[in-house]
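Here, residue 1 is the first one in the sequence, and each next residue gets the next number.
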Amino acid sequence: MIEIVLFVVLVIYVVFILQLIFGFDKVKSFVRTDEKPVTKFSIIVPFRNEEKNLPKLLKSISKLNYPKDLFEIILVDDFSTDASERVYIKWRMENGLIETTLLENLRLSNSPKKDAISRAIPILKHDWVVTTDADCTVNKNWLLTLDNFIQKNNTEMVVGAVVYKTKNNWFHQFQQLDLLSLQGTTIGSFGIGKPFMCNGANFAYTKKLFNEIGGFGGNNKMASGDDVFLLQKALKNNADKVHYLKNTDIIVKTKPENDLYKLFMQRVRWASKTTGYSGYYSKSLAVMVLSMNFSLIVSLYLLITNCLNWKTLLIVFSVKYFVDYLLLLKSNQYLRKNKFIFPIASSLVYPFFSSFVGLYSLVGGFTWKGRSFSK
């Protein structure tokens, strides 16, 4: 009976992952052409205590291969207690040709980031909103590629990829694999016509659409989800206007965590969004991923207590490893274009980490930027 349940979970999980692998290839890569840039962008960057990271982001923005009169930057300070504001002022004095505005956040909900974006929206000078995070860096052709895509597609919301800029250590590589799986899931779900994920560090939409769907209204009680829930509302409004942009020039790089506790809290914050998913597919996939990983932990316990044959566990683990590898390989080929090895150590640790995060997110709160958020 135990074996039957385990294989049923495995089969359903494999079907979901194979769907995503199939969908990944259906999202065609976009090739930029030489059209003259015309789209005007307002880049919104919420931040809190980012004096170490802001210089790198602002430097990458100052190097954008895009007419400076076609974009502005709105930075929203969420009550920083460090030298972030001085960093911004110094950069602004050195980059006077780029139009920038610094705002102080207004806390109106349980979500500082949603409040920050909502604070900036009314004063934007341009219709296209682009959000990113203070711990990111952008490619010089980021806006150029986005503009070209907008000119060629009837779109009002564009989702882009995010990848870690890692050091050569196992902890960073473990996080990279986790992010690759999330990015692969994002692209694959778009490919099969069931998108439900995006990342606010590389997200664009029109101010018109934001206002039409009521902004973040209805999701303000959740501290996270400024990206995912806005995507879900846009899909309900008009799915044909929501697109994924698959081009390496659009990829945004961010920093991995260097502390296990901070990584755990970050992933709990991300996982807390799943309870707010509105679609059947997204909820089913989340349940199956948690079920598959937790099943491996239970199976290990049953093996130790002589209630399960080791061959059964080896077969289940091997099949899961193989389909996970295929999805991660596709993600790596697009996002990083380097040699890919899926270490056994990470695949052994991941079920424990993922299960603990998933189960804890259902009942526990998290800390973020020095603040505590309850469930």
Side-chain angles (χ1 to χ4, degrees), residues 23-24 26-30 32 37-46 66 70-72 74 111 113-114 116-118 120-122 124-133 136 138-139 142-162 182-183 185-220 222 224-247 249-252 273 276-279 281-282:
F24 194 101
K26 292 195 70 176
V27 179
K28 301 303 180 184
S29 295
F30 175 73
R32 191 179 73 248
V38 295
T39 310
K40 294 183 177 181
F41 296 103
S42 293
I43 304 170
I44 301 178
V45 184
Y66 204 72
L70 292 184
F71 72 94
E72 64 172 339
I74 312 293
S111 175
K113 197 169 180 182
K114 293 173 192 170
I117 295 172
S118 298
I121 291 286
L124 300 185
K125 295 183 178 179
H126 308 313
D127 188 48
W128 268 96
V129 179
V130 189
T131 63
T132 191
D133 293 337
C136 295
V138 300
N139 183 285
W142 183 47
L143 293 186
L144 189 66
T145 305
L146 184 55
D147 160 77
N148 200 242
F149 185 82
I150 291 169
Q151 289 193 56
K152 292 178 176 295
N153 293 274
N154 183 22
T155 181
E156 290 193 34
M157 178 173 281
V158 182
V159 176
V162 179
L182 293 174
Q183 294 296 309
T185 299
T186 300
I187 299 172
S189 63
F190 267 90
I192 60 175
K194 298 177 180 179
F196 66 96
M197 292 178 68
C198 61
N199 194 312
N202 196 4
F203 196 26
Y205 43 86
T206 64
K207 184 166 63 173
K208 172 177 169 289
L209 175 64
F210 182 88
N211 291 326
E212 279 181 357
I213 62 180
F216 301 117
N219 300 118
N220 287 335
M222 299 192 72
S224 189
D226 58 283
D227 41 21
V228 170
F229 297 132
L230 196 65
L231 172 68
Q232 290 183 169
K233 292 175 75 174
L235 289 167
K236 286 183 179 179
N237 183 66
N238 190 342
D240 292 336
K241 296 291 184 69
V242 181
H243 293 82
Y244 187 92
L245 174 47
K246 194 176 181 184
N247 182 294
D249 283 342
I250 200 75
I251 298 172
V252 166
K273 307 175 192 179
Y277 286 165
S278 59
Y281 176 82
S282 56

On a heavy-atom basis, which atom in [X] and which in [Y] lie closest, and how many Å separate them?
X: Pro46; Y: Thr132; result: CD-O, 3.7 Å
X: Tyr244; Y: Gly160; result: OH-C, 4.1 Å
X: Ala120; Y: Ile44; result: CB-CD1, 3.8 Å

Hey, are the side chains of [X] and [Y] touching, using non-hydrogen atoms and a 4.5 Å cut-off?
X: Thr206; Y: Glu212; answer: no
X: Lys233; Y: Asn237; answer: no
X: Trp128; Y: Val158; answer: yes
X: Leu70; Y: Thr39; answer: no
X: Ile121; Y: Val129; answer: yes
X: Asn139; Y: Thr145; answer: no

Pairs in or reaching into residues 235-247: which pass salt bridge (charged side-chain N to carboxylate O under 4.0 Å, His left out), with residues at least two apart or in two chains?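 Matches after skipping sequence neighbours: Glu156-Lys241.
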
Without swapping roles, check the side chain of [X] against the backbone of [Y] for a donor-acceptor pair under 3.5 Å.
X: Lys113; Y: Asp227; value: no
X: Lys114; Y: Phe216; value: no
X: Asn211; Y: Lys207; value: yes

Are there over 12 heavy-atom neighbours, none belonging to Lys152, within less than 6.0 Å of that residue's NZ?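 Atom NZ in Lys152 is crowded, with more than 12 foreign heavy atoms closer than 6.0 Å.
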
Parallel, tilted or perpendicular, judged at 30° and 60°: which one describes the rings of Phe71 and Tyr66?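 Tilted, since the angle between the ring planes falls between 30° and 60°.
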
Return the [atom1] to [atom2] distance between [X] and [Y], rounded to the nearest 0.5 Å.
X: Leu245; Y: Asn153; atom1: CG; atom2: CG; answer: 8.5 Å
X: Asp249; Y: Leu146; atom1: CG; atom2: CG; answer: 11.5 Å
X: Arg32; Y: Leu144; atom1: CZ; atom2: CG; answer: 5.0 Å
X: Thr155; Y: Asn238; atom1: OG1; atom2: CG; answer: 9.5 Å

Report the residues that fulfil side-chain contact (heavy atoms from CB on, under 4.5 Å) with Ser42, sequence neighbours left out, ordered by chain and then residue number.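 Ser42 satisfies side-chain contact (heavy atoms from CB on, under 4.5 Å) with Glu72, Leu124, His126 only.
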
Would you list the atom pairs, donor with acceptor, under 3.5 Å between side chains in residues 188-205 and any protein atom, with sequence neighbours excluded?
residue : atom : partner : partner atom : Å
Ser189  : OG   : Thr185  : O            : 3.0
Ser189  : OG   : Thr186  : O            : 2.8
Asn199  : OD1  : Ala201  : N            : 2.9
Asn202  : OD1  : Trp142  : NE1          : 3.0
Asn202  : ND2  : Ala161  : O            : 2.8
Asn202  : ND2  : Ile250  : O            : 2.7

